[in-house]
Amino acid sequence: MAVSFPGGPAPAPGADDPLALLSACHGRIARQCATLGRLAAHLPAHGSDAAARTAAASVLRYFDTAAAHHHEDEEEDLFPALIDSMAGSDAVCLHALVDGLVAEHRQLARRWEPLRRALSEIADGRPADLPAHEIKDFTDAYAAHIRREEDELLPMAARLISDDALAAIGQAMKSRRGGEAG
């Protein structure tokens, strides 16, 4: 259990608060997108130097693991729990939201793939180009996706999903990460 003390950083949310954990992941995704933009600006002057290799490896690792787990958390656990909680809710609206978010996950994965290939080259110390328009398309799409989840999905999930279902989601998230959620 994380301990908080006055003046220290707040403990990171864990599996016991899966909606807060999902929201915290959105912040980490945004930070990785910012790193991607800084890396693209760094490459023309410095090439695939040690700093570029480190940044590329970090962004790759994040999007290939944590961000992928985040989408799995939503698609395999949160979205089905939200659909199951629909009693009295507008089913059409809820299905449209979930279907739209799943489609955005697929679009983000398609936009990630060419960036992933370039980052792999950079992480291996080889020269590669990170086209500014591809980075902008990816980071803008992720920013819009995060806003939609923060403004629509997570508040709706907090209202509609039972505590027991949230606990099950938290356990699934923890299991997906090998016993550690975060």
Side-chain angles (χ1 to χ4, degrees), residues 2 8-15 18-79 98-154 169 172-182:
L19 298 181
L21 183 58
L22 289 168
S23 185
C25 187
H26 290 152
R28 289 188 293 275
I29 289 169
R31 287 191 295 279
Q32 292 297 324
C33 285
T35 298
L36 190 56
R38 288 191 305 275
L39 177 58
H42 175 91
L43 287 173
H46 304 283
S48 295
D49 64 0
R53 289 191 306 273
T54 299
S58 175
V59 171
L60 270 170
R61 187 173 42 256
Y62 187 81
F63 280 104
D64 283 350
T65 56
H69 288 320
H70 175 80
H71 289 179
E72 291 167 353
D73 294 337
E74 292 173 343
E75 292 180 20
E76 294 176 20
D77 301 305
L78 182 65
F79 296 168
V98 167
D99 291 347
L101 292 171
V102 169
E104 288 174 14
H105 287 170
R106 302 301 172 267
Q107 176 192 63
L108 290 165
R110 283 191 301 275
R111 289 180 177 188
W112 168 243
E113 202 46 48
L115 297 174
R116 185 186 191 295
R117 286 190 296 272
L119 289 167
S120 291
E121 294 294 314
I122 295 164
D124 289 340
R126 293 188 292 274
D129 187 35
L130 279 173
H133 72 280
E134 287 182 17
I135 291 171
K136 182 170 179 14
D137 288 349
F138 180 75
T139 59
D140 286 354
Y142 240 122
H145 179 75
I146 288 169
R147 273 192 308 277
R148 189 169 181 202
E149 288 189 350
E150 289 289 324
D151 294 349
E152 298 176 48
L153 175 71
L154 295 180
I169 291 168
M173 292 168 76
K174 188 174 178 179
S175 294
R176 190 169 285 116
R177 288 160 180 77
E180 306 230 359

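Predicted, not measured: the structure shown is a model, and the values here were computed from it.
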| remark: Closest heavy-atom pair, A123 versus A57, reported as atoms and distance to 0.1 Å, is CB-N, 3.9 Å
| request: Grab the two heavy atoms, one from R111 and one from D137, that are nearest each other, plus how far apart they are. | output: NH1-O, 2.9 Å
| field | Interatomic distance, H70 atom NE2 to E75 atom CD [nearest 0.5 angstrom] | value | 10.0 Å
| said: Contact between L43 and D129 at the side-chain level, heavy atoms closer than 4.5 Å - yes or no? | reply: no
| request: Please work out which of the three classes, parallel, tilted or perpendicular, describes the rings of W112 and F63, given edges at 30° and 60°. | output: tilted
| message | Tell me every residue that passes side-chain hydrogen bond (donor to acceptor under 3.5 Å, both in side chains) with R117, counting only those two or more places apart in sequence or in another chain. | response | none
| query | Can you name the closest pair of heavy atoms from I169 and P18 and give their distance? | reply | CG2-CB, 3.9 Å
| task | Any pair with a residue in residues 46-59 that passes side chain to side chain donor-acceptor pair (under 3.5 Å), sequence neighbours left out, goes on the list, sorted by first then second residue, please. | result | H42-D49
| Counterpart residues, side-chain hydrogen bond (donor to acceptor under 3.5 Å, both in side chains), relative to E150 (two or more places apart) | S23, H26
| Nearest 0.5 Å, what's the CD-CG distance between E149 and L101? | 5.0 Å
| query | Are R177 and D73 within salt-bridge range, i.e. N to O under 4.0 Å? | reply | yes
| request: For residues I135 and A40, report the shortest heavy-atom separation together with the two atoms involved. | output: CD1-CB, 3.2 Å
| Shortest non-hydrogen contact between A66 and C25, atoms and distance | O-SG, 4.5 Å
| field | Side-chain touch I122/L130, heavy atoms, less than 4.5 angstrom | value | yes
| message | With a 4.0 Å cut-off on N to O distance, would you call R147 and D151 a salt bridge? | response | no
| Is it the case that H71 and E74 place a side-chain donor and acceptor less than 3.5 Å from each other? | no
| field | Which atom of F79 lies closest to which atom of L153, heavy atoms considered | value | CE2-CD2, 3.6 Å
| said: What I want to check is whether the side chains of H145 and Q107 have a donor and an acceptor closer together than 3.5 Å. | reply: no
| message | Working to the nearest 0.5 angstrom, can you tell me the gap between T35 OG1 and Q32 CD? | response | 5.0 Å
